[in-house]
Participant: 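Below you will find the structure I want to go over with you.
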Amino acid sequence: MKAPVREIFVSVQGEGPYVGYRQAFVRFPKCNLECLYCDTAKDWDSNKKCMVEKTPGSGDFAEEENPITPGRLLTIAERDPKIHSISLTGGEPLLYGSFIKELKGAKYPLYLETNMTLPEGAKDVKDVVKIVSGDFKLKAHCDFKNQYEKYFNATARSFSILRRTSFRDCFCKIIVTPDLEKEDLMHALDQIKGTISALVLQPVTPVGPVGQVSPKFVLDLQTAAMDVVEDVRVIPQTHRMWGCL
Ligand SMILES: C[S@@+](CC[C@H](N)C(=O)[O-])C[C@H]1O[C@@H](n2cnc3c(N)ncnc32)[C@H](O)[C@@H]1O
Ligand SMILES: Nc1nc2[nH]cc(C(=O)O)c2c(=O)[nH]1
Ligand code: SF4
Ligand SMILES: [Mg+2]
């Protein structure tokens, strides 16, 4: 079993409740969505190499043949003994659920960064990931081409599959964009409130046509969300502030 990997590097988690923890990042290519605010390049074709840091944290990369095996991925990702966990991100990592399942023997906790719209992939990984950072994509985030309900239900299903347990943490990140509707947020929270340890409202970092949100707008959403979820924190992308990967 092999999978294509875009890049493997060491950095500091820049989003959500684990901000500041040192992680090895494994970025898988491709995605099943096209979020209007996405900060991750889409330019991937299958003959691209995997970019691997020559030494962890150096920011200096060398090419590695793609696709790679689970064993090779872990050998690279586990080089730095100081990491807290291994972040599996993308693109959308649940497109590679059966591959991620093969990472069961990892020496560090696996941290899954996912759009939660692929419940079959969620089933594949539920026994191997220790931390789930699940987005809930709302109407304002993507052009769902009249299929929002299908994606909404798939997301709710994925949160149920990857719900927080004694073995696994699961929290939700919702990106706050200027045209986010409060009722869409509340509808989503009603579905997942019993499955998560916390909700993170992540103000969008402006990209392309998507602009800044006001603090008042975000605080108003936090007020409403706290009627449903006890732990609601506002945390921006911090890695962008100090220029780390
Ligand atoms: C690039 S995505 C990859 C993982 C997965 N596809 C997802 O969307 O959760 C990683 C995280 O970055 C967030 N993100 C992407 N672009 C952003 C932006 N411009 N501002 C704030 N968060 C952003 C996503 O919402 C997601 O929480
Ligand atoms: N430092 C850092 N933190 C992150 N948290 C989520 C990221 C992502 O792109 O999945 C990310 C990333 O790309 N870099
Ligand atoms: S799901 Fe994640 S990777 Fe895919 S477009 Fe949205 S933010 Fe980008
Ligand atoms: Mg990123």
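Start at 1 and go down the list; that is how both ligands and their atoms are numbered.
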Participant: Quick one: sort the Y37 and H141 rings into parallel, tilted or perpendicular, breaks at 30° and 60°.
Facilitator: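 Aromatic pair Y37/H141 classed perpendicular.
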
Participant: Are the side chain of D220 and the backbone of K216 linked by a donor-acceptor contact shorter than 3.5 Å?
Facilitator: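 Not a single qualifying donor-acceptor pair exists.
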
Participant: What part of C31, side chain, backbone, both or neither, has a heavy atom within less than 4.0 angstrom of ligand 3?
Facilitator: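 Near ligand 3, C31 shows its side chain, while the N, CA, C and O stay back.
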
Participant: Using a 3.5 Å distance criterion without hydrogens, assess whether the side chain of E92 forms a donor-acceptor pair with backbone atoms of L94.
Facilitator: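 Between the backbone of L94 and the side chain of E92 there is a qualifying donor-acceptor contact (under 3.5 Å).
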
Participant: Just go through H141, K137, K42 and tell me whose heavy atom is the nearest to atom 7 (S) of ligand 3.
Facilitator: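 Closest candidate by heavy-atom distance is K137.
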
Participant: Contact between R27 and ligand 2, counting heavy atoms under 4.0 Å?
Facilitator: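 It does; at least one heavy atom falls under 4.0 Å.
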
Participant: If you count the atoms of ligand 2 from 1 in the order shown, which ones are under 4.0 Å from a heavy atom of G14?
Facilitator: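 Reading through ligand 2 atom by atom, the close ones are 1 (N), 2 (C), 3 (N), 4 (C).
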
Participant: V12 heavy atoms, cut-off 4.0 Å: which ligand 2 atoms fall inside?
Facilitator: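 Those qualifying, in numeric order: 1 (N), 2 (C), 3 (N).
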
Participant: Counting only heavy atoms not in K173, do more than 12 sit closer than 6.0 Å to its NZ atom?
Facilitator: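 Enclosed: over 12 neighbouring heavy atoms sit under 6.0 Å from NZ of K173.
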
Participant: Out of L221, I175, V176, which one pairs with V213 under the side-chain contact (heavy atoms from CB on, under 4.5 Å) rule?
Facilitator: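 The option that passes is V176.
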
Participant: So which protein heavy atom does atom 11 (C) of ligand 2 come closest to, and at what separation?
Facilitator: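 Looking at atom 11 (C) of ligand 2, the protein heavy atom closest to it is F25 CE2, 3.8 Å.
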
Participant: Classify the contact between D39 and ligand 2 as side chain, backbone, both or neither, using a heavy-atom distance cut-off of under 4.0 Å.
Facilitator: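 Neither part.
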
Participant: Can you name the atoms of ligand 3, numbered from 1 with element, that are less than 4.0 Å from a heavy atom of C35?
Facilitator: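 Going through ligand 3 atom by atom, the ones under 4.0 Å from C35 are 1 (S), 5 (S), 6 (Fe), 7 (S).
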
Participant: For residues T205 and D39, is any side-chain donor paired with an opposing acceptor at under 3.5 Å?
Facilitator: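 No, because no side-chain N or O of T205 sits under 3.5 Å from a partner of the opposite role on D39.
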
Participant: Could you identify the single nearest non-hydrogen protein atom to atom 7 (C) of ligand 2 and state the distance to 0.1 Å?
Facilitator: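 The answer is E15 OE2, 3.9 Å.
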
Participant: For T40, state whether at least one heavy atom is located under 4.0 Å from any atom of ligand 3.
Facilitator: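 Contact check T40 vs ligand 3: negative.
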
Participant: Which of the atoms of ligand 2 are close to S11, meaning less than 4.0 Å from one of its heavy atoms?
Facilitator: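 Under 4.0 Å from S11, ligand 2 has these atoms: 1 (N).
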
Participant: Tell me: protein heavy atom nearest atom 8 (Fe) of ligand 3, and distance?
Facilitator: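 For atom 8 (Fe) of ligand 3, the nearest protein heavy atom is C38 SG, 2.3 Å.
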
Participant: In terms of the angle between their ring planes, are F28 and F99 parallel, tilted or perpendicular, with boundaries placed at 30° and 60°?
Facilitator: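 Because their plane-to-plane angle is over 60°, the rings of F28 and F99 count as perpendicular.
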
Participant: What protein heavy atom lies closest to atom 12 (C) of ligand 2? Include the residue and the distance to one decimal.
Facilitator: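 Protein heavy atom with the smallest distance to atom 12 (C) of ligand 2: H239 NE2, 3.7 Å.
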
Participant: Would you find a donor on one side and an acceptor on the other, under 3.5 Å apart, between the side chain of N66 and the backbone of K48?
Facilitator: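 Answer holds: yes.
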
Participant: Taking only heavy atoms of G91 into account, list the atoms of ligand 3 that are under 4.0 Å away from them.
Facilitator: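 So the answer, numbered in order with elements, is 3 (S).
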
Participant: Could you label the plane-to-plane angle of the Y151 and F144 rings as parallel, tilted or perpendicular, counting under 30° as parallel and over 60° as perpendicular?
Facilitator: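 If you compare the ring of Y151 with that of F144, the planes turn out tilted.
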
Participant: Give me the residue, atom name and distance of the protein heavy atom closest to atom 5 (N) of ligand 2.
Facilitator: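 Looking only at protein heavy atoms, the one closest to atom 5 (N) of ligand 2 is Q13 OE1, 2.8 Å.
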
Participant: How far is atom 6 (C) of ligand 2 from the closest protein heavy atom, and which atom is that?
Facilitator: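 So the nearest neighbour among protein heavy atoms is E113 OE1, 3.4 Å.
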
Participant: Which of the numbered atoms in ligand 2 are under 4.0 angstrom from any heavy atom belonging to L245?
Facilitator: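 Close to L245: 1 (N), 2 (C), 14 (N).
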
Participant: Using modelled atom types and a 3.5 Å cut-off, is there a donor and acceptor pairing between side-chain atoms of R22 and backbone atoms of V10?
Facilitator: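 No; judged by distance alone, with no hydrogens or angles, the pair does not exist.
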
Participant: Output yes when a side-chain donor or acceptor of S87 lies under 3.5 Å from a complementary backbone atom of F25, and no otherwise.
Facilitator: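 Judged by distance alone, no pair lies under 3.5 Å.
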
Participant: Please report which non-hydrogen protein atom sits nearest to atom 8 (C) of ligand 2, along with the residue it belongs to and the distance in Å to one decimal place.
Facilitator: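 Here the nearest protein heavy atom works out to T89 OG1, 3.6 Å.
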
